[in-house]
Amino acid sequence: MTTAQTLRPQGGGQIVLLCDHASNHIPAELHQLGLPASELDRHIAWDIGAAGVTAALSEIFDAPAILCNTSRLVIDCNRQLNTVDLIPATSDGTVIPGNLHLSETARALRIERWFHPYHQAIEVVLQERAARGIPSVLVAIHSMTASLAGVARPWQIAISSHLDRRIAEPVLAALRRPGDLIVGDNQPYDVDPETDYSLPFHALRRGLPHVQVEFRQNEISDATSQYRWAQRFAQALGHGLIGMDLGHREG
């Protein structure tokens, strides 16, 4: 299995989609990191439902989408390389045996084999679009567990951002307008350049418009609900793109 999967690489829409935690795949040589299959089915291994939503949005917007095909337990491709949870020793109370006491050589190998190729795939798409003069709006697709460490997440969908709110503000307004959703604004997560990698590296440093979305996992548990939520988010995102100044801005 390749490290990254790219859908519609020549897509002509404004949107470029990223899905950092699309897969719970553990490369065979890592022997499931010492975990039973039941643990790999949990949210600790991947963003459940996010890949399906990403694929649907790629279709709706004719958007390139780059999906990471390696579990976040092998290496979290949305973490800065100096963070503790880049290769987590524990996750939501579960010890990850295959990540304990890693040598610097083993750590560097994971970065080289699975982290850099995913981000290089994103760079290829963005550089090719820039060469063709196609502006890009980066949208990172994530999902969140309904409860973490005993704390419930009431938000069915949440928008995460940093200082650049060009996309976040109109998308939040559009999602809240019907009045039937609990919508998070930087809850439970914001975009933090100190720890997050994908949007800071690919969007903030270029000044590209961007936003991150979190879907609660029990809302996108099957293909039907994934497509339904993709359609609803696409409508809100469309409001965010109306009149958008796609010029570069420092994040």
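Just so you know, residue 1 is the first one in the sequence shown, and it goes up from there.
The main-chain N or O of Cys77 is found under 3.5 Å from a side-chain atom of His119 such that the two form a donor-acceptor pair. Proximity of a side-chain donor or acceptor of Thr83 to a complementary backbone N or O of Arg79 within less than 3.5 Å is not detected. Distance alone, capped at 3.5 Å, places no donor-acceptor pair between the Arg42 side chain and the Ser38 backbone. No donor-acceptor pair under 3.5 Å is formed between the side chain of Ser91 and the backbone N or O of Thr94. Between the Asp62 side chain and the Gly12 main chain, a donor and an acceptor come within less than 3.5 Å of each other. Side-chain atoms of Ser143 come within 3.5 Å of backbone N or O of Ile48 as a donor-acceptor pair. Using modelled atom types, one side-chain atom of Gln80 and one backbone atom of Pro193 make a donor-acceptor pair closer than 3.5 Å. A donor-acceptor pair is defined here as one N or O able to donate and one able to accept, closer than 3.5 Å; such a pair exists between the side chain of Arg216 and the backbone of Arg153. Ser58 places a side-chain N or O within donor-acceptor distance of the main-chain N or O of Ala63, the cut-off being under 3.5 Å. Counting only distance, with no hydrogens or angles, the side chain of Gln212 and the backbone of Ala140 share no donor-acceptor pair below 3.5 Å.
Considering CD of Gln10 and CD1 of Ile134, their distance stands at 8.0 Å, rounded to 0.5 Å. Leu204 CG to Ser198 OG: the interatomic distance, rounded to the nearest 0.5 Å, is 11.5 Å. Annotation: the span from Leu30 atom CG to Asn99 atom CG amounts to 8.5 Å, rounded to 0.5 Å. One distance of note links CG of Asn78 with OH of Tyr189; it measures 11.0 Å at 0.5 Å rounding. Note that OG1 of Thr195 is 11.5 Å distant from CG of Leu86, once rounded to the nearest 0.5 Å. Taking CG from Asn218 and CD1 from Ile220, the interatomic distance works out to 9.0 Å, rounded to the nearest 0.5 Å.
We find that Arg110 and Asp76 are not joined by a salt bridge, their nearest charged nitrogen and carboxylate oxygen being 4.0 Å or further apart. A salt bridge does not link Asp222 to Arg228: none of the charged nitrogens lies less than 4.0 Å from a carboxylate oxygen. Between Arg107 and Glu112 there is no salt bridge, since no side-chain N of the basic residue sits under 4.0 Å from a carboxylate O of the acidic one. Between Glu123 and Arg205 a salt bridge is recorded (basic side-chain N to carboxylate O distance below 4.0 Å).
A pairwise comparison of heavy atoms in Trp46 and His21 identifies CB-O, 3.6 Å as the closest pair. The minimum heavy-atom distance between Gln226 and Ser221, with the atom names listed, is NE2-C, 4.1 Å. Nearest heavy atoms, His202 versus Leu138: CB-CD2, 3.6 Å. Closest approach of Leu67 and Tyr118 over heavy atoms only: C-CE1, 3.8 Å. Closest of all the heavy-atom pairs between Glu39 and Ala45 is O-CB, 4.3 Å. Listed here is the closest heavy atom pair of Val171 and Gly240: CG2-CA, 4.3 Å.
Contact of the Gln32 side chain with the Pro27 side chain is not registered, since no non-hydrogen atoms from C-beta on lie closer than 4.5 Å. Residues Arg177 and His239 have side chains in contact (heavy-atom distance under 4.5 Å, counting atoms from C-beta outward). Side-chain contact between His162 and Asp192 is absent, with no heavy atoms from C-beta onward closer than 4.5 Å. Annotation: side chain of Val191 is in contact with side chain of Pro200 (closest heavy-atom distance under 4.5 Å). The side-chain heavy atoms of His116 and Thr3, taken from C-beta on, include no pair separated by under 4.5 Å.
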**Prompt:** Can you list the steps and then say if Thr90 with Ile96 is a side-chain contact (heavy atoms from CB on, under 4.5 Å)?
**Reply:** CA-CA 5 Å; Thr90 64; Ile96 317 301; 5.6 Å; no
**Request:** Test Ile66 against Val16 for side-chain contact (heavy atoms from CB on, under 4.5 Å), laying out the working first.
**Result:** CA-CA 8 Å; Ile66 304 92; Val16 175; 3.9 Å; yes
**Request:** Would you please test Leu237 and Phe61 for side-chain contact (heavy atoms from CB on, under 4.5 Å) and show each step?
**Result:** CA-CA 10 Å; Leu237 190 54; Phe61 284 108; 3.9 Å; yes
**Prompt:** Do Tyr227 and Ile60 pass the side-chain contact (heavy atoms from CB on, under 4.5 Å) test, and can you show the C-alpha distance, the side-chain angles, and the key distance before you say yes or no?
**Reply:** CA-CA 10 Å; Tyr227 197 81; Ile60 291 168; 4.1 Å; yes
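Among Leu175, Ile167, Asn186, Asp190, the single residue meeting the side-chain contact (heavy atoms from CB on, under 4.5 Å) criterion with Ile159 is Leu175. Screening Asp47, Asp20, Asp85, Asn24 for a side-chain hydrogen bond (donor to acceptor under 3.5 Å, both in side chains) with Arg72, the sole residue that qualifies is Asp47.
Between the side chains of Asn69 and Ser23, no donor-acceptor pair of N or O atoms lies under 3.5 Å. Judged purely by distance below 3.5 Å, without hydrogens or angles, the side chains of His43 and Asp92 pair a donor atom with an acceptor atom.
The salt bridge (charged side-chain N to carboxylate O under 4.0 Å, His left out) analysis of residues 129-139, with sequence neighbours excluded, yields the pairs Glu128-Arg132.
The same ILVMFWY cluster, assembled from side-chain heavy atoms under 4.5 Å apart, contains both Leu40 and Ile44. Under the 4.5 Å side-chain heavy-atom criterion for ILVMFWY residues, no single connected hydrophobic cluster contains both Val211 and Trp155. Under the 4.5 Å side-chain heavy-atom criterion for Ile, Leu, Val, Met, Phe, Trp and Tyr, Ile111 and Ile26 are members of the same hydrophobic cluster. Hydrophobic clustering keeps Val95 apart from Leu148 (ILVMFWY residues linked when any side-chain heavy atoms are closer than 4.5 Å, directly or through intermediates). Hydrophobic cluster membership differs between Met144 and Val53, with clusters built from Ile, Leu, Val, Met, Phe, Trp and Tyr side chains linked at under 4.5 angstrom.
Ring geometry for Trp229 against Phe215 counts as perpendicular: the plane angle is over 60°, on a 0 to 90° scale with 30° as the lower cut. Classified by interplanar angle (parallel below 30°, tilted 30° to 60°, perpendicular above 60°), the ring pair Phe201/Tyr197 is parallel.
Enclosure of atom CD in Gln127 by more than 12 non-hydrogen atoms of other residues, nucleotides or ligands within 6.0 angstrom is indicated.
Evaluation of the side-chain hydrogen bond (donor to acceptor under 3.5 Å, both in side chains) rule for Gln5 yields no partner, not counting sequence neighbours.
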